[in-house]
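Working notes, beginning with the structure itself.
Chain naming here is simple, since letters A, B, ... match the order of the sequence lines and numbering starts at 1 in each.
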Amino acid sequence: MSSVEFVDFLKEIQEKWGKKWVEDNLFKAEDFDTKRKKFYLLTEFPYPSHVGLHMGHCRSYTMMDIYTRYLRMKGYNVLFPMGWDAFGLPTYNYAIKVNRPPKEVAKENVKNFKNQLIALGGSFDWTREINTTDPEYYRWTQWIFIQLYNHWYDPEYPREDGKKGKARPISELEIPDDIKKKGPKAIKEYQDRFRLAYKAKMPVYYCPHCRIGVADEEVEPGGTHERCHQPLEKRYLEQWLLRITAYADRLIEDLELVDFPDSVKRAQINWIGRKYGAEVKFFIENTDYPVTIFTTRLDTIYGVTFVAVSPEHSFVEWYFENVNNLGIDEETQKKVREYVEEARKKVDKTFEQKIKTGVFTGVYAVSPVTGEKVPVYVADFVLDEVGTGAIMGVPAHDQRDYEFATTYKLPIKVVIVPKDVYEKGQEAIEEFSLNLTKAYEKEGVLVQSDKYTGLSSNEAKKAILEDLYKKRLAEQVKYYRLRDWVFSRQHYWGEPTPMIYCEKCGWNPVPEDELPVILPDLDDYKMADDGTSPLQRATEWINTTCPECGGPARRETDVMPNWAGSNWYYVRYLDPHNKERLVDEKKAIYWLPVDFYDGGAEHTTMHLLYSRFIYKFLYDIGVVPTPEPYAKRRNHGLVLGPDGKKMSKSRGNVVNPWDVIEKFGADTVRMYVAFMGPYEGNVPWSDESARGVLRFLERAKAFIERSIKHIQENKGFKNNEMLTARLHRLIKRVSENIESLKFNTAVAALMEFLNNHENDVLDGENLEVFLKLLAPFAPFFAEEYWSRLSKPYSIHTSDWPVADEKLIEAHAEFVIPVQINGKVRGQVTVQGKVEDKEVILQIIRKDPKINRYLEGKKIQKVIFVPGKIINLVVKE
RNA sequence: GCCGGGAUGGCGGAACUGGUAGACGCGCCGGACUUAAAAUCCGGUGGGGCUUAAAACCCCGUGCGGGUUCGACUCCCGCUCCCGGCACCA
């Protein structure tokens with residue numbers, strides 16, 4: 001049989017069995033099965049783009065499919081589901097490009113993806129297939145949003161896992177009396193400040209050239225639009241935000257409960273970026289208006305020579321309201337106004353090497369420690385989203401402040417010196433200060449700081465904080481790099497946000513019994529040219545009635561981001577057709593948490609963190625039973641192009657899975673992607689290497705067919721024990737390798753066995769074992785020969801073979817390397833596991849080769865590790 | 001700049017918690033089959049030395065420099081380079 005014919009054979013059987021498995025629902029997971037242990041194996045669901053499955057999907061899904069098939073044969077009740085994350089920008093853009101409704105395009109993409117996954121042999125439970133764009137699915141995405149809106153976070157409230165902090169219904173939020181007195185509107189405003197979903201003005205990118213809103217990922221580093229390379233503008237729109245920061249501490253602490261790689265845990269902790277620091281009030285001279293700054297370096301406060309606020313800071317509004325009282329001249333006012341206007345619009349992501357700019361406001365702030373006045377600047381290097389959006393400028397000890405001070409000729413006052421400098425005395429301190437050419441950012445000992453002089457940075461931080469706290473000028477705060485999650489997108493192809501706005505009553509959620517709010521069809525799906533959502537054009541859909549007063553009201557036209565559907569999808573797999581609830585409680589208890597979550601390293605922070613947040617919220621409101629969703633997480637590697645670089649259209653190094661399945665057959669591709677490298681590694685594709693796997697399968701075919709023939713012709717034929725023992729050693733190796741995700745060495749072990757025994761034949765029992773070992777890797781191939789052996793359908797629901805340890809032990813072959821002074825000089829063969837070093841030494845003495853190294857020398861020491869090695873330390 | 005990961009033959013990669021470095025595959029070389037090629041099969045293949053050739057033997061070898069150890073790809077200290085992520089985070 002030529003290789004071409006063999007590939008045809010593979011394609012024939014993959015067609016035949018692939019179809020049958022799906023028809024038979026062979027891989028259906030059983031709810032509530034108590035006889036078998038459950039195993040929820042989750043792999044990130046794909047974003048079905050019009051390009052079709054890519055090689056990365058092909059490899060990670062195959063590896064997880066191998067794992068799944070193994071676990072299933074091992075006797076687990078495995079849940080291995082699949083679905084589609086079908087909302088999102090690429091599909092939307094593509095639909096506009098080909099001038100078709102996104103809905104139709106998405107549907108086709110899904111169909112295409114599903115066929116490809118079936119062809120690949122993915123043993124998914126298709127009865128649980130979900131699609132984030134299905135109204136019956138996004139009804140619950142919307143429902144979660146409403147629950148977030150209807151809840152607030154009480155950091156002190158006890159929760160089920162015994163710790164403190166829990167989401168509670170907004171109705172349970174205590175309203176202060178003075179608010180109550182002001183009436184229902186004030187009460188609602190007060191509640192809005194606590195809701196887990198709330199509205200706030202946030203910047204979005206807008207391209208004046210293309211006249212459309214631009215998503216974050218379409219912004220180029222220089223602040224230009226990816227498509228037209230023209231400069232973008234920042235606009236401020238009211239958007240929905242989710243209060244993830246309320247869960248920040250829990251998201252850090254509960255990492256202890258889960259088995260994630262350390263690097264992933266670290267990444268999450270860094271992403272959250274919890275820091276302790278102080279907020280300090282700097283009052284504007286002769287007013288009672290304070291600018292509150294945030295710092296982690298309170299020890300440097302005596303070095304403050306200016307205060308700077310971000311262009312977006314509320315100080316600016318206060319300033320213009322009070323310019324007259326402050327006695328600011330026209331020219332300064334004009335300068336400040338121009339600077340702020342310009343800066344608020346500007347989009348610039350190239351911060352480095354840029355000269356820091358700012359504008360002096362003409363007002364001074366009073367240092368809370370010295371009472372000295374320092375100038376107040378508006379400067380765009382101060383970011384509004386970081387800290388309080390205002391800083392104390394300490395040029396001597398912060399490089400950015402240093403650069404700013406140099407540009408604007410502000411004084412640079414050294415207040416921290418290294419310990420050894422301090423100890424050398426005044427002269428050394430002065431010399432250090434004079435020779436400063438850039439900020440000294442390390443901690444050290446305080447100088448020129450009144451009574452704190454001589455304290456270490458750490459001591460000073462505490463002492464200064466304590467003193468300022470007493471004067472109500474400072475307090476300790478926890479600060480997170482993580483910010484609340486902007487949850488509005490000005491696009492079309494996403495879940496409608498289930499909120500209604502009424503002039504009289506403000507925002508209200510859509511009543512739950514009216515869900516889902518279905519995304520309306522449009523005549524024209526193009527982006528709106530003012531940067532708002534295209535849904536603005538769905539006039540009929542927008543106009544509705546207020547759930548509170550029944551008067552005329554409008555629907556929210558911003559849709560949810562892509563994350564919305566994908567951060568809880570794995571819960572819906574448990575009960576995908578439930579019309580009453582997001583998930584049946586008992587099913588959730590049976591299946592959760594996810595036992596193993598496989599995904600890409602690129603989702604280590606955002607997706608993993610955000611989905612953990614949503615899950616924790618669902619836990620708080622009693623939808624799911626455990627504090628953490630994923631018991632174990634591992635990141636798979638990428639498939640690189642044949643050139644070793646990341647596959648990309650522009651590089652022209654893309655390998656299409658569909659093409660290689662056509663060329664080599666699905667079993668070959670499966671086995672090759674498992675074999676090509678370690679699970680976590682990024683490995684290049686190679687057609688030549690894939691051919692090596694094809695050769696292996698072809699040889700395996702000949703080997704199996706010869707064995708079958710031999711068995712039929714020789715009734716009662718049995719292999720010798722040695723061969724059987726070797727096969728059992730193979731069982732052990734393959735099992736251990738799959739369990740530790742070393743699919744590459746598992747395949748190598750199978751190859752090695754065939755290399756060693758290709759000229760033998762297997763007896764009936766051993767042949768079954770061999771096919772079973774092959775089954776997870778080459779499922780079509782294994783099924784075909786299983787059926788030819790007339791074994792009951794299917795090999796994939798048969799039992800995984802158990803290695804006979806005694807047999808392995810009995811036929812253990814020990815070759816002990818012999819080292820002289822750490823260098824291997826020979827080896828001796830022993831029977832069984834010899835523990836006594838004298839026995840080995842006697843064998844060595846009989847070996848002339850090794851003895852040559854011992855002539856005229858004295859053995860000083862013998863190190864013997866039974867079963868491993870013997871090392872003789874000798875001397876002249 | 002910060003955080004994370006990595007560096008092993010011509011290539012992808014093996015090597016358990018420190019115990020024969022290079023499993024397995026690709027490629028390459030030689031041979032068989034063939035009119036020929038492809039495919040397939042058999043043998044060889046880290047570098048160097050010695051040798052007419054082979055066997056045998058010797059030296060070097062896991063990015064670089066040191067250290068610990070009977071023994072180091074593996075552990076420790078100090079570097080270099082590459083890849084990924086984040087980045088004016090106060």
Remember a base hit wins even if backbone is also touched, and classify [X] as base, sugar-phosphate or nothing at under 4.0 Å, heavy atoms.
X        : value
A/Lys742 : sugar-phosphate
A/Asn744 : sugar-phosphate
A/Asp262 : nothing
A/Glu752 : sugar-phosphate
A/Arg266 : sugar-phosphate
A/Tyr479 : base

Tell me the stems RNA chain B sits in, counting at least three consecutive Watson-Crick or G-U wobble pairs, each under 3.5 Å on both distances.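 Output for stems: B:1-7 with B:80-86, B:10-12 with B:24-26, B:27-32 with B:40-45, B:46-49 with B:57-60, B:63-67 with B:75-79.
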Heavy-atom nearest nucleotide on RNA chain B for A/Lys646 versus A/Val382: which residue maps closer to 5'? A/Lys646
With no angle test and no hydrogens, is the base of B/rC58 tied to the side chain of A/Lys823 by a donor-acceptor pair under 3.5 Å? no
Would you say the base of B/rG85 and the side-chain of A/Glu602 have a donor-acceptor pair closer than 3.5 Å?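 Not at all, since no donor on one side and acceptor on the other fall under 3.5 Å apart.
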Please determine if a side-chain N or O atom of [X] lies less than 4.0 Å away from the OP1 or OP2 oxygen of [N].
X        : N      : answer
A/Arg825 : B/rC58 : yes
A/Asn737 : B/rC16 : no
A/Arg695 : B/rA39 : no

Checking understanding here: a glycosidic angle within 90° of 0 is syn, the rest anti, so what is B/rG9? syn
Tell me which residues in residues 290-297 of chain A put a heavy atom below 4.0 Å from RNA chain B, sorted by number, or none. A/Phe294, A/Thr295, A/Thr296
Under a 3.5 Å cutoff, is there a donor and acceptor pairing between the side chains of A/Asn755 and A/Arg699? yes
Does the pair A/Lys356/A/Asp401 count as a salt bridge with the N-to-O cut at 4.0 Å? no
